[in-house]
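Here the structure comes first, spelled out in structure tokens, and everything after it is commentary.
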Amino acid sequence: MADQATKENVVDLLLAQHEEIRHLATTVEKNHGKVRKDAFDRLRRLLAVHETAEEEVVHPFARRAAGDGSRVVEARLEEENEAKGVLSALEKMDPESADFEETFAKFHRDLEAHASHEEKEEFPRIAREATPEQMRGMAKAVKAAEAIAPTHPHQGTESPTKNLAVGPMAAVVDRVRDAIGKARG
């Protein structure tokens, strides 16, 4: 479990989430049946809330923090948009199908590349440019954004404005959908 300092530093918080994402993706890829399905559901939810929080809190700071921040952030947003489309397609597939396995394997590689880009290009800029107070404030803002974020991918909402406009209603719909799915078993 992350210690208190990790929970208060936005970069450490995001890195811990990246590790959880990596773990879940590997679990999906290496397992079958209920283990695969449950891991995929947790991964999908974590990715949806994680990316929403990055789009609302982290990317805007990174865009302002460095001279070529816009270029770096735009590349990440393109990756996130594509990933949301693939994740939506995966949600509709039978997790035991060959199509799922093939699509997920590529998705997993792309997901790893995306996380690596953030970790090498974006997070160091944030750590360098943000004050300790900003790092703590962004960690709190990320947690708040994740608490109310949609739990399923919504392609085309990769900006703070679009997330704020579409996100609340999508989050309600997603959470109702999740509750109904859980009730059905």
Side-chain angles (χ1 to χ4, degrees), residues 13-59 73-119 122 141-185:
L13 174 65
L14 296 172
L15 289 171
Q17 289 180 351
H18 281 191
E19 285 307 309
E20 178 66 8
I21 288 165
R22 286 179 173 107
H23 169 74
L24 288 169
T26 298
T27 300
V28 170
E29 211 163 38
K30 293 184 177 207
N31 288 280
H32 292 278
K34 183 167 174 32
V35 172
R36 174 183 276 176
K37 184 187 178 321
D38 290 349
F40 179 75
D41 287 344
R42 290 195 324 269
L43 175 64
R44 180 252 319 137
R45 186 184 194 293
L46 177 56
L47 285 171
V49 300
H50 174 85
E51 294 304 335
T52 297
E54 284 185 340
E55 292 159 5
E56 291 179 4
V57 178
V58 179
H59 295 328
V73 169
E74 288 305 318
R76 300 302 70 81
L77 291 173
E78 286 178 29
E79 292 166 357
E80 289 167 13
N81 178 277
E82 185 174 321
K84 287 176 185 180
V86 175
L87 196 55
S88 290
L90 284 164
E91 275 190 293
K92 296 173 182 123
M93 292 181 189
D94 173 0
E96 296 303 313
S97 71
D99 284 345
F100 180 94
E101 288 189 9
E102 183 179 319
T103 303
F104 190 85
K106 180 181 182 325
F107 176 76
H108 189 177
R109 287 189 303 273
D110 292 345
L111 186 63
E112 182 57 46
H114 173 76
S116 180
H117 287 138
E118 286 181 339
E119 292 166 4
E122 194 170 359
V142 162
K143 290 178 205 169
E146 289 177 342
I148 61 169
T151 59
H152 294 264
H154 295 276
Q155 196 172 20
T157 59
E158 293 79 28
S159 76
T161 304
K162 288 179 182 175
N163 272 318
L164 291 173
V166 176
M169 183 55 70
V172 169
V173 169
D174 286 354
R175 289 166 197 271
V176 168
R177 175 178 163 193
D178 293 344
I180 291 169
K182 186 176 181 180
R184 287 183 178 160

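Sequence positions, counted from 1, serve as the residue numbers for this chain. Owing to the predicted nature of the structure, the values given are computational and were not obtained by experimental measurement. In what follows, every heavy atom counts, from backbone to side chain, and hydrogens, waters and symmetry copies are set aside.
- Within the 4.5 Å cutoff, side-chain heavy atoms of E118 are placed close to those of H59.
- The shortest distance between side-chain heavy atoms of T26 and H108 falls below 4.5 Å.
- Using a cut-off of 4.0 Å between Lys/Arg side-chain N and Asp/Glu carboxylate O, E29 and R109 are scored as not salt-bridged.
- Using cut-offs of 30° and 60° on the angle between ring planes, the pair F100 and F104 is parallel.
- Side-chain contact check for E82 versus H114: every heavy-atom pair is 4.5 Å or farther apart.
- Atom-to-atom distance recorded for I21:CD1 and L15:CG is 10.5 Å, nearest 0.5 angstrom.
- Between E122 and R76 there is no salt bridge, since none of the side-chain N atoms of the basic residue sits less than 4.0 Å from a carboxylate O of the acidic one.
- Side-chain N or O atoms of R42 include none that pairs as donor or acceptor with a backbone N or O of L24 at under 3.5 Å.
- Here R36 contributes atom CZ and L43 contributes atom CG; the two are 12.5 Å apart, rounded to the nearest 0.5 Å.
- Within the 4.5 Å cutoff, no side-chain heavy atoms of H50 are placed close to those of E80.
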Practice task
Show your reasoning for whether side-chain contact (heavy atoms from CB on, under 4.5 Å) applies to D110 and V86.
Solution key: CA-CA 10 Å; D110 292 345; V86 175; over 6 Å; no
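- Ion pairing between D41 and R45 fails under the 4.0 Å rule for side-chain N and carboxylate O.
- Using a 4.0 Å cut-off between a side-chain N of Lys or Arg and a carboxylate O of Asp or Glu, R22 and E19 qualify as a salt bridge.
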